[in-house]
Structure formats: C-alpha cells, structure tokens
Number of protein chains: 2
Amino acid sequence: MLERLSDKWVTLVLTGLASGPRRYSDLSRRIAGVSQKMLTQTLRGLERDGLVRRTVTPSVPVRVDYELTPLGESLMPLVAAIKGWAEANIQTVEAARKTYDAA
Amino acid sequence: MLERLSDKWVTLVLTGLASGPRRYSDLSRRIAGVSQKMLTQTLRGLERDGLVRRTVTPSVPVRVDYELTPLGESLMPLVAAIKGWAEANIQTVEAARKTYDAA
DNA sequence: CGGGATCCGTCCGGATACTG
DNA sequence: CAGTATCCGGACGGATCCCG
C-alpha cells in the first residue's frame, strides 16, 4: 500500500483528477512528461485499488472518462497537503542542497 | 521534490526518526527489509535536503546519530496522515483488488 | 560500528509500431 | 481516441567484500 502511494505518477494523476472527471487524452495533456504507457499503467493500478473509476462510452471513436471514487477523494486532502508542503518548502530544500553539495 | 517524497524508503526512515534521534544500527533494525546500501543512500539524500541532521561522535567505535531537523519535523504530520489513511483503508483497497482481479 | 566500493541481476519506463 | 504489444537501455537495489 505504501508502495503504491510512493509511485512517482500516482500523485500527478490523482491531482489531475481532483477537479472532476477527465478523458484519457485530457489527462495525458495535463500531466507533463508522462508516457502513454505509464499513464495507462498508473490508471489501471488506481482503478484496481478502487481509487479511480473508469467509464467507457461506446461511441465512435470510443470515449473513456476517469474520475475519483469516494475512496479516491478521501485521499485528496493528503495529496493536496503534500503538494502544498512541497511548494512551500522547495526553496529551503534547494538551499540546503547547495550548502550540502558545496561540502 | 515530489520525486524524493515518492521514494520508497523515505517514509519508512522518516517514521523511524519521528520519536527522536536514532543510531544507524538502530534504524537498520527498526526498518524491516532495508539494505545497508539503501538506508545509507536514503539518509544521505534526506541530509542533503535538510530534513535530517547527521551527528558523528568520534569515539571507538564511532557513533552516528540521525535526527529530524525542524524542516523534517514539519513534514511528519503529513507522513503520519498518510500512514493513518493507509492503515484505515487497506482492507477496502484489498477488497477492491480482489473484485478487480476476479474480472 | 558505520559505512564505502564494486559487481551484477531485475525491473522500470521510454520509444515505437499496431489496433478496434 | 484509447489503448495493447514489444523491444530495449539504464537505473534501482541487493549481495558481497573491505576499511577506519
């Protein structure tokens, strides 16, 4: 469980879904640097864990939407808190790195 | 920054330091499954980022203590919250996995 | 005791090509 | 559009040996 939470892309995907349902191509555009393979793989994992729901609309071409489940939403305050901490302290951390690397 | 937070061992090491300073061998015993290489590497990274302070006591044999810096401690509520969420919802997640795998 | 250095297998993840 | 399949290099991380 902790391993899934510590996946590099999970936080990004979850954040991408925070404000409502998103289509696959929508997500892939919003998440910079993610490959199609990793995005699909991450979504599959989150779906398996019950954090994300996948909805297929059988039109032509097919349309697929992803959205957070209630369980997934219950995780969002924590994800947001982490993002907030990171943004608030990134400069302190980078200063510490410079000091460390100088020695 | 997010990448460092998403490191597999970081959460474990941080948790291991939550209740005060620990010696190296102490940490390695408390964190199940961590190799000496990974423990050292993780501690170095956290020290570099200013989250952990390393103190060497030049006795024979040498004694090394690790402890959270104020910056590191400011991260602990988030780590604890994540651990709490994981423990509270692990069974729901595992049930979702079984359902998913059955299909 | 607290590591550093090295070797080496495994798996992560990107690139590419193809499909309903 | 939303994937699946395959190939493949490189990073991750364990095991082992050595040292002050």
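So that the names make sense, note that chain A is the first sequence line, chain B the second, and so on, each numbered from 1.
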Might you list the N or O atoms of the protein lying below 3.5 Å from N or O atoms in nucleotides 4-9 of chain C, with each pair's distance?
residue	atom	partner	partner atom	Å
C/dG4	OP1	B/Arg44	NH2	3.0
C/dG4	N7	B/Gln36	NE2	3.1
C/dG4	O6	B/Gln36	NE2	3.4

Roughly, in whole Å, what's the span from CZ in B/Arg22 to P in C/dC1?
-> 17 Å
Side chains of A/Asp49 and B/Tyr100: closer than 4.5 Å at any heavy-atom pair?
-> no
A/Glu47 has an atom CD; how far is it from atom P of D/dA2, in whole Å?
-> 15 Å
Could you point out which residue of B/Leu75, B/Leu51, B/Thr69, B/Leu17 forms a side-chain contact (heavy atoms from CB on, under 4.5 Å) with B/Leu46?
-> B/Leu51
Atom CG of B/Asp26 to atom C1' of C/dC1: distance rounded to whole Å?
-> 13 Å
Note: B/Asp65-B/Arg22 ion pair, threshold 4.0 Å (strictly below) | no
What's the NZ-C1' distance between B/Lys8 and D/dG13, to the nearest Å?
-> 9 Å
Write down the distance between CZ (A/Arg29) and P (D/dG3), rounded to a whole number of angstrom.
-> 13 Å
Whole-Å distance separating the CZ atom of A/Arg63 from the P atom of D/dG3 = 13 Å
Phosphate oxygens OP1/OP2 of C/dG2: is one of them under 4.0 Å from a side-chain N or O of B/Ser25?
-> yes
Close side-chain approach of A/Tyr66 and A/Val13, heavy atoms under 4.5 Å | no
Think B/Arg23 has a side-chain N or O under 4.0 angstrom from the OP1 or OP2 of C/dC1?
-> no
Test A/Gln41 against A/Met38 for side chain to side chain contact (heavy atoms under 4.5 Å, CB included), laying out the working first.
-> CA-CA 5 Å; A/Gln41 195 174 104; A/Met38 281 304 100; 3.4 Å; yes
Axis-to-axis angle between the two ends of the helix from C/dC1-D/dG20 to C/dG20-D/dC1 (five base pairs per end, rounded to 10 degrees) = 50°
Looking only at side-chain N and O atoms, does B/Tyr66 come under 4.0 Å of OP1 or OP2 in C/dG3?
-> yes
Verify side chain to side chain contact (heavy atoms under 4.5 Å, CB included) between A/Val52 and A/Leu68, making sure each step is shown before the conclusion.
-> CA-CA 4 Å; A/Val52 160; A/Leu68 295 176; 4.2 Å; yes
Any side-chain heavy-atom pair from A/Leu71 and B/Asn89 closer than 4.5 angstrom?
-> yes
Whole-Å distance, B/Leu27 CG to C/dG3 C1', equals 14 Å
Sub-3.5 Å pairs of nitrogen or oxygen atoms, protein against nucleotides 18-20 of chain D:
none

Candidate pair B/Glu67 and B/Thr55, rule side chain to side chain contact (heavy atoms under 4.5 Å, CB included), full reasoning = CA-CA 8 Å; B/Glu67 62 183 322; B/Thr55 309; 4.2 Å; yes
